[in-house]
Amino acid sequence: MCGICGVVGGDREREEGRVAAMSRALAHRGPDGHGLWADDGAVLGHRRLAVIDPSPAGRQPMGSADGRFWITYNGEVYNYRELRRELETLGASFRTGTDTEVVLELFRREGAAFLPRLNGMFAFAVWDRVSRRLFAARDPFGQKPFYYAVRGRRFLFASEVKGLLAHPEVPAEPDLEAVDDFLSLRFIAAPATMVRGVRKLPAGHWLAWGEAGLRTGRHFELSFPEAGDAADGDAEAELRDRLEEAVAAHMTSDVPVGAFLSGGLDSSVVVAAMARRSPEPVDTFCVGSGVPGFDERPHARLLATRYGTRHRESCVSPGLLSRIPELVAGLDEPCDPIAACFDEAARLAARHRKVVLGGDGGDEIFGGFDRYAAFGWAERYAALPRWVRGGVLGPLIRSLPESFGYKSLSQRARWLDSVGRDRGGRLYARMTAHFRFGPEDKAWLYGPALQGLVASRDALAAVADPFERAPSDVPLNRMLYADLLTRFPEHTLALSDRLGMAHGLEVRAPFLDRELVRFGLSVPAGLRVRGRTTKAQLRSAVRPWLPEPLVERPKQGFMFPVAYWLDAQALARVRTDLSAGSLVREGWIDAAAVERLVGEHARGRTDHHVRLWMLLSLEAWHRLYVEGRGAETSVSEPLPRAGGLP
């Protein structure tokens, strides 16, 4: 895994120094080496995390044998050895053992046509010295990032926004529509970013930059071709085989590979498959909080014991809230509490391994989220007469006492009442955005600088529109399509990449293996979600691999008990930081909204911990990036341990 950057156009001598500065901003992504290459048309930079062929021969940027093409590449292609053998039969010779050189040779021979053949994660840029054209691409699901900016006749790119901001002509001017996206959805829909004029290449897309300007296109399309009927036993055996093959492919590395083990189904499946293939004990890593209902370490230990893994754990405390500015600096954008979970796991694993496998994608491919099973119930609730929902059930539900427990009855009821007012794509968008700020909330949250966005734009359309245009009439497939195009690449995988790389850790996702995805999305929806049972076929298939309690466990998100940590003393600190902060001063949010959120949470009326965290992280982002004041000015004092934990 690596960091890439570059500038096309402009004065070579001047841009060399600027690209060197961009590369230094990405040093955390590649602690094993760096390189710079330049000619009169382009300057390319690279930071290397050496995983495959760690010898000096694998350094980048890398040129083709004839010197025409130069690549800076970030990623891992797991079928590169197969592709290399194929190329060798066609007369190609290789100087290194890297997948980078295989990708470069494929591009030299086939141009963009080779992209569907890659099984892996990648973001790369290739400069053609003859046509004076840059070509770049991002992997199908967006595991690896690619950001860019256009400045006149120059094209700038980098693996992270901070790389672009290191160039003196890219100011950190906030994009207020992106702020609206974040507060509504917890992610910023592609191609926007938090910085005006900085864009991200959407997952599964390519771009080309040359004399004709910028062109973009898609090289990967999701589809849901249902397979023919097969006996359950045969289908489950095939799924186990494909899981083992995918995990084996993702273990391809010239350095040892470990795994995250949360105790959930997906990470447990990955570790079980690793253990079945590995002659040595697998290194596994788990993070917990010590709070019942939010601590999955006991579940992880069941699998660690069964397979004899070298298991390591860490336990977090309320002081975690003090690291919000650090998280924001790693992500280059504000975040929600899940970011802290990713960061803690990466921090632990990076002390022992350079590469880990994780369970990202299992929910999105095999139907694991509760909302997939609840969509039909929400539709039926929305179909009730308005007087029943608004005059009878709604007031009854809102009278229930709030609980800060995970998936409590009151939370589920409030969720249903909140989302059950729309149909189709808008219903699903509300389901995914419930714990953030909905259209009704913005009327009292937004200050004058953002108030105009309430009426002028619909942030929920970022999720609703993909749902409606999905290439399937099946509700589950429509939900998966919307997730895989929006939240998954721009939230889940963004956290995994950026926070892993912040610690010099490469995180791989076997559930996104090309053939496993094709198989998973071809499984009929009724086999993936059966009634209230999510990931039904996956659970049944892996039953021989896992302890029974792990097979039967309901879905539990990776979460810490932040709601309980926000006691009176912590909330007072939050109130001060936000009320006297940049967001209120700049008119982004209303001071009265801060009092409302803090007061309702303190009284136990509504669990606002996600919303308060999001505002704190947005405050940190503004101070760090817009004002450039440094992390020490933002929510940086450790919070005391809260009392009264359950």
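Heavy atoms only: backbone and side chains are in, while hydrogens, waters and symmetry mates are out.
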> If you round to the nearest 0.5 Å, how far is CZ of Phe260 from CG of Asp283?
12.5 Å

> Tell me whether Glu619 contacts the main-chain N or O of Leu583 through its side chain, where contact means a donor paired with an acceptor under 3.5 Å.
yes

> Can you tell me how far apart CZ (Arg186) and CD (Glu490) are? Round to the nearest 0.5 Å.
13.0 Å

> If you compare all heavy atoms of Leu36 against all heavy atoms of Glu16, which two are closest, and at what distance to 0.1 Å?
CD2-O, 3.9 Å

> Specify the closest pair of heavy atoms between Cys5 and Leu26, including all atoms of both residues, with the distance to one decimal.
CB-CD1, 4.1 Å

> Determine the sole option in Arg18, Arg14, Arg151 for which the salt bridge (charged side-chain N to carboxylate O under 4.0 Å, His left out) test with Glu169 is passed.
Arg18

> Is any side-chain heavy atom of Arg68 closer than 4.5 Å to a side-chain heavy atom of Arg108?
no

> Under 3.5 Å, side chain of Lys162 to main-chain N/O of Ala329, donor-acceptor pair present?
yes

> Would you say Gln60 and Thr100 are linked by a side-chain donor-acceptor pair, where the criterion is simply a distance under 3.5 Å?
yes

> Angle class for the Phe155/Phe146 ring planes (parallel below 30°, perpendicular above 60°, tilted otherwise)?
parallel

> Look at the side chain of Thr193 and the backbone N and O of Val198, then say whether any donor-acceptor pair between them is shorter than 3.5 Å.
yes

> When you check the side-chain N and O atoms of Glu627 and His622, is any donor under 3.5 Å from an acceptor?
yes

> Counting N and O atoms only, with roles assigned by atom type, does the side chain of Ser64 sit under 3.5 Å from a partner on the main chain of Phe69, one being a donor and the other an acceptor?
yes

> So, Tyr446 versus Asp180: side-chain donor-acceptor pair below 3.5 Å or not?
yes

> How far apart are the C-alpha atoms of Arg487 and Thr492, what are their side-chain angles, what is the distance that settles it, and do they pass the side-chain hydrogen bond (donor to acceptor under 3.5 Å, both in side chains) test?
CA-CA 7 Å; Arg487 176 200 53 78; Thr492 303; 2.9 Å; yes

> To the closest 0.5 Å, what do you measure between OG1 (Thr284) and CG (Leu357)?
12.0 Å

> Any salt bridge between Lys144 and Asp139, counting N to O under 4.0 Å?
no

> For the backbone of His34 and the side chain of Arg48, can you confirm whether one donor and one acceptor N or O come within less than 3.5 Å of each other?
no

> With a 4.5 Å cut-off on side-chain heavy atoms, are Arg117 and Glu86 touching?
yes

> What verdict does the side chain to side chain contact (heavy atoms under 4.5 Å, CB included) test give for Trp613 and Ile324, after you've listed the backbone C-alpha separation in whole Å, the side-chain angles of each residue and the deciding distance to 0.1 Å?
CA-CA 8 Å; Trp613 181 294; Ile324 287 178; 3.7 Å; yes

> Side chains of Leu201 and Pro191: closer than 4.5 Å at any heavy-atom pair?
no

> Could you walk me through whether Tyr73 and Asp99 pass side-chain hydrogen bond (donor to acceptor under 3.5 Å, both in side chains), step by step?
CA-CA 10 Å; Tyr73 165 83; Asp99 56 338; 2.8 Å; yes

> Looking only at heavy atoms, what is the nearest atom pair of Ala349 and Val356, with distance?
CB-CG1, 3.9 Å

> Is there a donor-acceptor contact under 3.5 Å from the side chain of Arg623 to the main chain of Gly628?
no

> Quick one: CZ on Arg84 to CG on Asn79, what's the gap to the nearest 0.5 Å?
14.0 Å

> How close do Ala203 and Pro489 get, counting heavy atoms only, and between which atoms?
CB-CB, 4.2 Å

> Can Arg436 and Ser184 be counted as having a side-chain donor-acceptor contact under 3.5 angstrom?
no

> So Tyr625 and Trp621, would you call those rings parallel, tilted or perpendicular, with 30° and 60° as cut-offs?
parallel

> Can you confirm whether Asn74 sits close enough to Phe124 that some side-chain heavy atom of one is under 4.5 Å from a side-chain heavy atom of the other?
no

> Hey, mind stepping through Leu615 and Phe437 against side chain to side chain contact (heavy atoms under 4.5 Å, CB included) and telling me if it holds?
CA-CA 10 Å; Leu615 291 177; Phe437 295 98; 4.1 Å; yes

> Salt bridge or not for Arg129 and Asp40, using N-O below 4.0 Å?
no

> List the atom of Pro510, the atom of Gly358, and the distance in Å for their closest heavy-atom pair.
CD-O, 3.3 Å

> Starting from the C-alpha separation in whole Å, work towards a yes-or-no answer on side chain to side chain contact (heavy atoms under 4.5 Å, CB included) for Phe135 and Leu207.
CA-CA 6 Å; Phe135 178 87; Leu207 66 77; over 6 Å; no

> Evaluate the ring-ring contact (aromatic ring centres under 6.0 Å, His included) criterion for residues Trp70 and Trp127: first the C-alpha distance (whole Å), next the side-chain angles of each, then the deciding distance (0.1 Å), finally the verdict.
CA-CA 5 Å; Trp70 283 81; Trp127 172 246; over 10 Å; no

> Does Arg138 use its side chain to pair, donor to acceptor, with the backbone of Trp206 at less than 3.5 Å?
no

> Would you mind checking if Glu101 and Arg95 are paired as a salt bridge, meaning a charged N to carboxylate O distance below 4.0 Å?
yes

> When you compare the side chain of Leu87 with that of Phe94, does any pair of heavy atoms fall below 4.5 Å?
yes

> Do Phe157 and Tyr147 have their ring centres less than 6.0 Å from each other?
no

> Without swapping roles, check the side chain of Ser159 against the backbone of Pro145 for a donor-acceptor pair under 3.5 Å.
no

> Spell out, as yes or no, whether a donor-acceptor pair under 3.5 Å connects the side chain of Arg12 to the backbone of Ala38.
yes

> Is the ring pair Phe114/Phe107 parallel, tilted or perpendicular, if the boundaries are 30 and 60 degrees?
perpendicular

> Can you name the closest pair of heavy atoms from Ser496 and Val507 and give their distance?
OG-CG1, 3.3 Å

> State whether the number of non-hydrogen atoms from other residues, nucleotides or ligands found under 6.0 Å of Arg153 atom CZ is greater than 12.
no

> Hey, are Asp360 and Arg508 close enough for a salt bridge, meaning a charged N less than 4.0 Å from a carboxylate O?
no

> With a 4.5 Å cut-off on side-chain heavy atoms, are Met62 and Val126 touching?
no

> Please report the C-alpha distance between Glu76 and Phe122 in whole Å, then the side-chain angles of each, then the deciding distance to 0.1 Å, and finally whether the side chain to side chain contact (heavy atoms under 4.5 Å, CB included) criterion is met.
CA-CA 6 Å; Glu76 304 290 353; Phe122 55 83; over 6 Å; no

> Taking side chain as C-beta onward, heavy atoms only, is Leu618 less than 4.5 Å from Trp588?
yes

> Check the pair Glu15, His167 against side-chain hydrogen bond (donor to acceptor under 3.5 Å, both in side chains), reporting the backbone distance first and the verdict last.
CA-CA 9 Å; Glu15 297 301 340; His167 193 286; 3.0 Å; yes

> Assess whether a salt bridge exists between Arg81 and Glu88, defined as any Lys/Arg side-chain N lying under 4.0 Å from an Asp/Glu carboxylate O.
no

> Taking Arg347 first and then Asp343, would you say they form a salt bridge - that is, a charged N and a carboxylate O separated by under 4.0 Å?
yes

> Using a strict 4.0 Å threshold on nitrogen-to-oxygen distance, state whether Arg133 and Glu211 make a salt bridge.
no

> Determine whether the side chains of Asp336 and His491 contain a donor N or O and an acceptor N or O closer than 3.5 Å.
yes

> Are Asp181 and Arg457 packed together at the side-chain level, in the sense that at least one heavy-atom pair is separated by less than 4.5 angstrom?
yes

> Identify whether the distance between the nearest side-chain nitrogen and carboxylate oxygen of Lys354 and Glu506 falls below 4.0 Å.
no

> Return the CG to CG distance between Leu134 and Leu214, rounded to the nearest 0.5 Å.
10.0 Å

